[in-house]
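Below is one structure, written out as structure tokens; the observations come after it.
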Number of protein chains: 2
Amino acid sequence: MAIIPLGYALLGLLARAPQSGYELILRMEEPIAFFWHARRSQIYPELERLETEGLVSHTVVERHNRPSKKIYSITQAGLAELRAWAGKPMDVPPDRDEFMLKVYSLWTVEPSEATAVIRAYEQAHANRLDRYEHIKAEMLHNGDPIALGLHSPRFAAYATLQRGIEYESGYVAWCRWLLEALEADGGIQT
Amino acid sequence: MAIIPLGYALLGLLARAPQSGYELILRMEEPIAFFWHARRSQIYPELERLETEGLVSHTVVERHNRPSKKIYSITQAGLAELRAWAGKPMDVPPDRDEFMLKVYSLWTVEPSEATAVIRAYEQAHANRLDRYEHIKAEMLHNGDPIALGLHSPRFAAYATLQRGIEYESGYVAWCRWLLEALEADGGIQT
DNA sequence: GGACGCATGTAATAGGTTACATGATTAC
DNA sequence: GTAATCATGTAACCTATTACATGCGTCC
């Protein structure tokens, strides 16, 4: 059966370093590549499935005074599968943004409430932007990732972070544009 | 039970004008508010559900030499529900973008293939941007929507379109940035 | 005669979330 | 003693997609 995006997310992580399911879960709490995430209830079964397909394998590591863990690694077949998928162009999927749905019906709401809704969302995106900027600063602190080039996993991570930053700052800018347009309208009651 | 985003999408459309399930389906093929869509297999049952909750109602319109249709309207209760939801701030949901997942693993792929993948995606977003710009031009042709202000459904639609435009042009810009970074790296084989 | 548009649905499946469930060690 | 971290999973449910299913009228 076809591998789902989550499967490729896991393969993408394991291609960088072998690690346990638990470590993968921690990495995916904060979205991997800044645009994907999953819960453990999805990750453990998916790892099993990848294993039955021969794309990953695991060894059990026993430790004294610690729960034992399964360290997963990507196999040759897994790497080939990942490479084939990554190299294949894809269609733009339909975008879903519940907030846009809200804005679409915001005309039914009192202006003061409406602006509060927008301001709160702007703030949430500004917070994310902040987090991403910090991560970027850390990354740059360890040397210029751009210099590493296309064949470097670190550059790939940097590229997705950069998209995250532009996405969040674009969202913030749009929220501000909207608030200004409403202000000019005189519809704002502070 | 709680109403799902699709339900609010339908209420948001019906708040503008009563219409049939079929018309709603046509509207949602091209994403409503530029960031939501659904298939008919989801829309018909959801309309039924909204009706059992008393949020919409329908009348059957028989026409000679044509299939009859059910015209749905939003009820007072439906409008109240929509307003309550629209006026309530929401958390930023986890974003999902499969392309970012691909980029995250693009270092495993041959440079020439990788750049082809990025170029194709850039083109797809550029096409969308183009479509959105045309819609915007049309909208502006019918008078400045900003002047209509917050209480106007037309302004609300314009605002979401504006976000769509900024989203797509941001994506295109990022693709170009990435391609340039790779070019500077010398990794490109045209 | 065949394709397309209008108009409405159902069934099967896949993907993802929430809640449930367990058990050991370490830090306060 | 109690909360947090490590570590692994299962079950129930909801959402959305794909494929299946029907029938009339109009245009070419």
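We name chains A, B, ... by the order of the sequence lines, and we start the count at 1 in each one. Values reported hereafter were calculated over all heavy atoms of this structure, with side chains retained and with hydrogens, waters and symmetry mates removed. Because the structure is predicted, anything quoted here is derived from the model rather than measured.
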I need the [atom1]-[atom2] distance between [X] and [N], as an integer number of Å.
X: B:Glu51; N: C:dT8; atom1: CD; atom2: P; value: 13 Å
X: A:Ile4; N: D:dT17; atom1: CD1; atom2: C1'; value: 14 Å
X: A:Glu29; N: C:dG16; atom1: CD; atom2: C1'; value: 16 Å
X: A:Lys70; N: D:dC6; atom1: NZ; atom2: P; value: 19 Å
X: A:Glu62; N: D:dC6; atom1: CD; atom2: P; value: 19 Å
X: A:Leu101; N: D:dT15; atom1: CG; atom2: C1'; value: 15 Å
X: A:Ile3; N: C:dG15; atom1: CD1; atom2: P; value: 11 Å
X: B:Lys69; N: D:dC24; atom1: NZ; atom2: C1'; value: 15 Å

Mapping B:Ile25 and B:Pro94 to their closest nucleotides on DNA chain C, which lands nearer the 5' end?
B:Ile25
Residues in residues 5-23 of chain A with a heavy atom under 4.0 Å of DNA chain C, by number, are none
Please list, by residue number, the residues of residues 31-48 of chain B whose heavy atoms come closer than 4.0 Å to an atom of DNA chain C; answer none if no residue qualifies.
B:Arg40, B:Ser41, B:Tyr44
Take the angle between the ring planes of B:Phe99 and B:Trp174 and call it parallel below 30°, perpendicular above 60°, tilted in between.
perpendicular
Can you say whether the rings of A:His125 and A:Tyr171 are parallel (under 30°), tilted (30 to 60°) or perpendicular (over 60°)?
parallel
Whether the side chain of A:Gln19 engages the backbone of A:Ala17 through a donor-acceptor N/O pair (distance < 3.5 Å, no angle test) should be reported.
yes
Are A:Phe35 and A:Tyr167 an aromatic pair, judged by ring center distance below 6.0 Å?
yes
Hey, can you pull the donor-acceptor pairs under 3.5 Å for the side chains in residues 82-90 of chain B, sequence neighbours left out?
| from | atom 1 | to | atom 2 | distance (Å) |
| --- | --- | --- | --- | --- |
| B:Arg83 | NE | A:Thr108 | O | 2.7 |

Please confirm whether A:Arg96 makes a cation-pi placement over B:Phe34, using NZ or CZ under 6.0 Å from the six-membered ring centre and within 45° of the ring normal.
no
Do A:Thr160 and B:Leu101 have side-chain heavy atoms sitting under 4.5 Å apart?
no
Give the minimum heavy-atom separation between B:Ser169 and B:Leu129, together with the two atoms involved.
CB-CD2, 3.7 Å
Does A:Trp107 belong to the same Ile/Leu/Val/Met/Phe/Trp/Tyr cluster as A:Val109, with side-chain heavy atoms less than 4.5 Å apart forming each link?
no
